[in-house]
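Taking it in order: structure first as structure tokens, then the write-up.
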There are 2 protein chains.
Amino acid sequence: MEKDEDLKDDPIAELITSFNELNAGVVEELDEEPSPLEFMRYVARNTPFVVRGGASDWPAVRRWTASYLRDSLAGHHVNVAVTPYGNADAPTDKDGQLVFAKPHEEEQPFSSFLDYLTSSHSSSSLESRGEVRYAQTQNDNLRNEYSSLYSQVPPSIPFARIALQKEPDAVNLWIGSSASVTALHRDNYENVYVQVAGQKHFVLLPALCQPCVNEQELEPASYVREAGDLRLQSDGGDKVPFAIWDPDNPTLRSTKYSHLARPLRVTLEPGDMLYLPAMW
Amino acid sequence: MEKDEDLKDDPIAELITSFNELNAGVVEELDEEPSPLEFMRYVARNTPFVVRGGASDWPAVRRWTASYLRDSLAGHHVNVAVTPYGNADAPTDKDGQLVFAKPHEEEQPFSSFLDYLTSSHSSSSLESRGEVRYAQTQNDNLRNEYSSLYSQVPPSIPFARIALQKEPDAVNLWIGSSASVTALHRDNYENVYVQVAGQKHFVLLPALCQPCVNEQELEPASYVREAGDLRLQSDGGDKVPFAIWDPDNPTLRSTKYSHLARPLRVTLEPGDMLYLPAMW
């Protein structure tokens with residue numbers, strides 16, 4: 001109560017509270033793709049939605065299994081992000097100071113990467129796993145690194161292409177295990193995320209929750225492999241502005257507004273499509 | 001320079017400056033009405049546009065002249081807002097204190113109102129004019145006070161009705177002279193303004209210029225007629241939050257951000273249609 005007393009007449013607290021009152025605390029679910037005009041209404045309201053099964057007819061969703069990918073990408077090397085805890089691009093403690101931890105990146109034969117994922121998948125304890133590997137490049141990788149698979153997804157999402165009058169800026173394929181966690185962040189892109197296989201749990205905050213997330217300037221640091229161990233090494237570059245509050249650990253590193261945030265949670269199943277508005 | 005030095009690294013100043021760099025300093029002009037999807041793109045970008053001649057076929061635009069209205073509304077009384085300087089709903093000095101000045105409202109026979117407008121129109125000096133009269137009710141007046149004229153405008157603007165999935169909340173007719181000024185303000189409505197006759201000069205600021213406009217809590221006051229004079233009398237009600245900066249008088253009552261504002265100016269001619277986004 002004391003906390004809320006402090007925020008009486010605070011315009012930012014009022015804004016967040018009104019937003020919570022006016023908006024449902026769940027992600028809207030559609031059972032078919034929206035028209036371009038319907039989509040544009042969501043863009044205008046900066047509001048996410050899920051199309052359950054919206055991509056279930058995509059060849060990628062119907063075909064891609066571990067063994068199919070192993071065959072298709074036999075002999076290919078892929079970029080793999082390696083971290084000790086699945087904390088790629090995440091605020092991480094380094095000698096008592098919070099830094100922005102970038103993963104160690106290495107090229108691995110796709111088959112070795114997949115072996116590691118599928119075996120680590122079966123082991124649930126962090127200790128026995130040793131490290132977390134995640135293919136997470138964001139450089140339009142499905143039209144580059146994984147171009148042999150590109151024909152199995154549509155070249156664009158028609159409702160978004162027509163509404164936004166733009167071809168996709170980037171088409172990315174991410175392959176990880178349940179150990180991969182993406183830290184709370186935001187992108188200045190309209191995103192359509194499609195779950196091809198497995199599940200992903202999203203925790204979403206609206207753009208106006210910016211005062212809740214405790215954005216700080218963090219020193220960048222990168223993991224390096226040294227004698228088999230992963231060690232975090234300062235990069236010495238420009239500081240990175242990044243949210244250090246974690247809605248899954250809400251009392252840690254909070255701001256006076258964090259407790260007002262009402263994160264939306266949604267789990268995607270294979271074939272589901274999520275519209276993630278810019279700045280969420 | 002000193003002013004700008006103060007604003008170095010100020011995130012609000014950066015936001016306004018980036019907005020100015022990324023957006024044209026003029027209102028976009030279309031030569032035909034947009035489709036619902038095209039309109040929704042403007043709504044999503046919170047960006048105004050003008051459709052030149054977009055309403056030129058409306059019966060209202062083709063028919064309404066002073067003499068036509070005089071005949072149509074013969075015997076009708078209308079609500080008229082009366083102020084000494086055209087300052088209805090405007091920040092106004094009262095004994096050295098800035099108050100929110102509401103007009104004196106009175107019912108007048110439409111013909112007397114029109115006589116006053118057309119005669120005051122020919123007199124350019126404030127002194128000889130005495131007072132400014134403006135029919136400016138915003139209570140859906142074209143479907144109430146002026147309902148006999150309602151059939152001469154379309155019941156809705158189709159591109160907006162389809163895009164926003166809503167019939168108009170209100171349809172208002174405003175009748176004034178060149179002496180009527182509307183103080184800088186914002187509404188939480190998507191507005192389509194149609195110029196039926198005469199001209200109107202708009203000065204528009206984007207919603208993010210909120211820090212430029214110096215919003216203050218003003219005591220409400222109303223003009224009352226006393227022995228032929230208009231006197232401003234305190235209402236004693238709740239204070240009204242209102243912008244006290246005027247982009248046409250930019251050095252007066254400014255904030256440290258006001259000089260960064262780049263107001264968009266546009267003049268409407270008969271038949272022109274202006275989309276005014278919510279919060280502009």
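- Among the candidates B/R41, B/M40, B/Q165, B/R45, the residue making the largest number of heavy-atom pairs closer than 4.5 Å to chain A is B/R41.
- The 12-atom threshold is not exceeded at CG of B/D238, counting heavy atoms of other residues, nucleotides or ligands nearer than 6.0 Å.
- Distance check, rounded to the nearest 0.5 Å: CG of B/N46 to CG of A/N46 gives 11.5 Å.
- Closest approach of A/A163 and B/L37 over heavy atoms only: CA-CD1, 4.1 Å.
- Open room surrounds CG on B/D31; 12 or fewer heavy atoms of other groups in view lie less than 6.0 Å from it.
- Counting non-hydrogen atoms of other residues, nucleotides and ligands closer than 6.0 Å to CD of A/E217 gives a total above 12.
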